[in-house]
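Please read the structure below before turning to the comments.
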Number of protein chains: 2
Amino acid sequence: MARARLQARPQADTVREPAVGSRSVAILDAAEKVFAKSGFAGASMREIAETAGVAQALIHYHFDNKEKLFEAMIARRSGEINDVRATQLDRLLAAGRARLEDVVEALFRPTIEVGHSLARGGDGFSRILVSAANSVDERDARLTETYYDPIARKFIDAFCLIEPGLSRKEAVWAYMFSIGVGMTMMARTGRSARLSDGLCDDTDIDEMLREIVIYVCGGIRAMLTANPNRD
Amino acid sequence: MARARLQARPQADTVREPAVGSRSVAILDAAEKVFAKSGFAGASMREIAETAGVAQALIHYHFDNKEKLFEAMIARRSGEINDVRATQLDRLLAAGRARLEDVVEALFRPTIEVGHSLARGGDGFSRILVSAANSVDERDARLTETYYDPIARKFIDAFCLIEPGLSRKEAVWAYMFSIGVGMTMMARTGRSARLSDGLCDDTDIDEMLREIVIYVCGGIRAMLTANPNRD
DNA sequence: GTCTATAGTTCGATAGAC
DNA sequence: GTCTATCGAACTATAGAC
């Protein structure tokens with residue numbers, strides 16, 4: 001019977017790569033690619049094994065089954081990403097008088113930078129996040145709750161702190177809507193280029209992020225003036 | 001060999017329900033439910049047949065294969081929805097001096113009203129749209145291009161017309177971001193309620209739409225002032 | 001840890017009766 | 001148009017050698 005214990009999130013003072021066989025990492029990388037391309041149901045353990053260059057049985061040895069492999073893959077990257085996000089947010093708030101623009105930047109940039117550069121294969125993890133975040137599937141909901149709700153609450157708190165006129169309720173709506181905007185950036189379907197005859201390039205991260213920050217901050221501040229919190 | 005011809009989009013002066021057997025409609029309704037729950041790959045023809053109360057072979061008789069069934073299901077609802085959206089948009093523009101708020105309302109309301117009420121089973125179609133819109137899968141991209149790009153261009157044109165300071169490029173970004181916000185509403189994952197301890201209810205369409213219109217218009221106008229078009 | 005081989009299930013699609 | 005029955009392929013997972 002396989003171990004399939006979930007890797008603990010690496011702490012700041014821990015070695016970069018956990019002490020597991022390199023095959024194990026190759027499997028996670030392959031899983032990221034294949035799940036990103038085909039979704040959970042559409043991906044097959046066979047293709048993941050072939051992509052990783054290992055026998056199919058080895059995946060079961062390391063991760064037990066498809067569900068647990070999927071969760072291990074989420075756990076690995078979300079740990080990296082959300083540690084960076086939390087650190088950046090804390091630094092902004094500790095410095096006092098943080099601008100909303102900086103908080104929104106801290107909300108999005110780590111996700112695309114890790115999702116884009118760390119996964120050597122490209123932006124696979126971002127795509128998996130997009131599909132999980134929009135899914136009503138019980139597994140996706142549980143993973144979102146486990147790996148993303150805690151950091152979401154931190155950012156909602158930050159919204160309320162920076163814009164005291166925002167009620168808690170509107171801060172949560174603002175957060176949900178903003179994450180929705182971020183999806184556009186992470187999904188990278190190429191549709192923006194199609195609709196704009198090439199003017200908008202969703203592979204240009206910096207350009208897109210600049211536009212997104214403007215749009216998202218404008219949206220949040222509009223909620224503020226439309227219905228200011230009177231407490 | 002089965003027919004599997006795609007149903008033509010009903011014109012305004014055409015009878016409501018096409019002259020196909022009621023079983024055929026039952027199959028499309030069932031497909032909507034099952035595809036919404038499990039996605040394309042996760043759904044099985046067996047479950048769709050059981051949900052529709054017909055033999056599995058009948059689906060192949062009417063729609064040939066799984067791919068074509070999926071497209072027929074998209075074609076049916078997108079026709080209904082986008083006819084309403086185009087009509088409302090044209091009426092707003094013909095009346096002159098349309099408000100951005102009204103255009104954004106015309107962008108979203110028909111989708112949720114049709115997706116929510118017409119599909120007796122609930123909001124299945126909305127969920128399918130969300131997953132298709134965010135997918136890099138070739139099939140999903142082709143369907144989005146075929147059934148949603150034309151109406152998207154109309155709304156982008158409207159953005160440019162109403163806010164002349166908006167460049168074409170920013171209008172496309174604004175459209176993409178706004179659709180992203182709309183996803184929050186259509187996906188209805190229940191996450192907003194979880195993050196707000198029940199304050200935000202994503203089953204309350206009117207409340208959510210009101211907040212979304214405020215946020216989206218604020219976002220679009222922020223792009224305008226941040227980088228006005230000088231033509 | 002890693003492999004080959006395969007058991008056991010489920011799937012999409014088809015054949016053919018009515 | 002609608003059904004029953006079934007084929008052949010693909011899938012997840014396991015057994016067992018090394």
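Hydrogens, waters and symmetry mates play no part in the numbers below; they use all other heavy atoms, side chains included. Chain identifiers are assigned alphabetically (A, B, ...) following the order of the sequence lines, protein sequences preceding nucleic acid strands; residue numbering begins at 1 within each chain.
Rounded to a whole Å, the CG atom of A:L69 is 15 Å from the P atom of D:dC11. Spacing between atom CG of A:L58 and atom P of D:dG16 amounts to 19 Å, rounded to whole angstrom units. For the pair A:F63 CZ and C:dG1 P, the computed distance is 11 Å after rounding to whole Å. In this structure, NE2 of B:H62 is placed 16 Å from C1' of C:dT14, rounded to the nearest angstrom. The distance between atom CD1 of B:I59 and atom P of C:dA13, rounded to the nearest whole Å, is 10 Å. For B:Q56 and D:dC3, the CD to C1' distance is 12 Å, given to the nearest whole Å. Atom CD of A:E47 and atom P of D:dA9 are 20 Å apart (whole Å). As a whole-Å value, the separation of A:K66 NZ from D:dA13 P is 8 Å.
Using modelled atom types, one side-chain atom of B:N65 and one backbone atom of B:K68 make a donor-acceptor pair closer than 3.5 Å. Listed for the B:T146 side chain is no donor-acceptor partner under 3.5 Å among the backbone atoms of B:L143.
The listed nucleotides are D:dA13, C:dG12, D:dC3; the one nearest the side chain of A:N65 is D:dA13. Side-chain proximity of A:M45 to the nucleotides C:dA13, D:dA13, D:dC3 is greatest for D:dA13. Counting only heavy atoms from C-beta on, A:A57 has its side chain closest to D:dT14 among C:dT2, D:dC3, D:dT14.
A:K169 has no carboxylate O lying under 4.0 Å from a charged side-chain N of B:D197, or vice versa, which leaves the two without a salt bridge. A salt bridge is absent between A:D90 and A:R85: the closest approach of a Lys/Arg side-chain nitrogen to an acidic carboxylate oxygen does not fall below 4.0 angstrom. The pair A:D29-A:R76 counts as a salt bridge, with a side-chain nitrogen and a carboxylate oxygen less than 4.0 angstrom apart.
In terms of phosphate contacts, A:H60 brings a side-chain nitrogen or oxygen within less than 4.0 Å of OP1 or OP2 of D:dA13. Side-chain N/O atoms of B:Y61 include one lying less than 4.0 angstrom from OP1 or OP2 on D:dG1.
For residues 189-212 of chain A, no residue pair satisfies the ring-ring contact (aromatic ring centres under 6.0 Å, His included) rule, not counting sequence neighbours.
Side-chain contact between A:I220 and A:Y175 is absent, with no heavy-atom pair separated by less than 4.5 Å.
Among the heavy atoms of the strands lying under 4.0 Å from A:A43 are primed sugar atoms or P, OP1, OP2 only; no base atom is included.
Two end axes, each from the C1' atoms of five base pairs, can be drawn for the helix from C:dG1-D:dC18 to C:dC18-D:dG1; they diverge by 0°, to 10 degrees.
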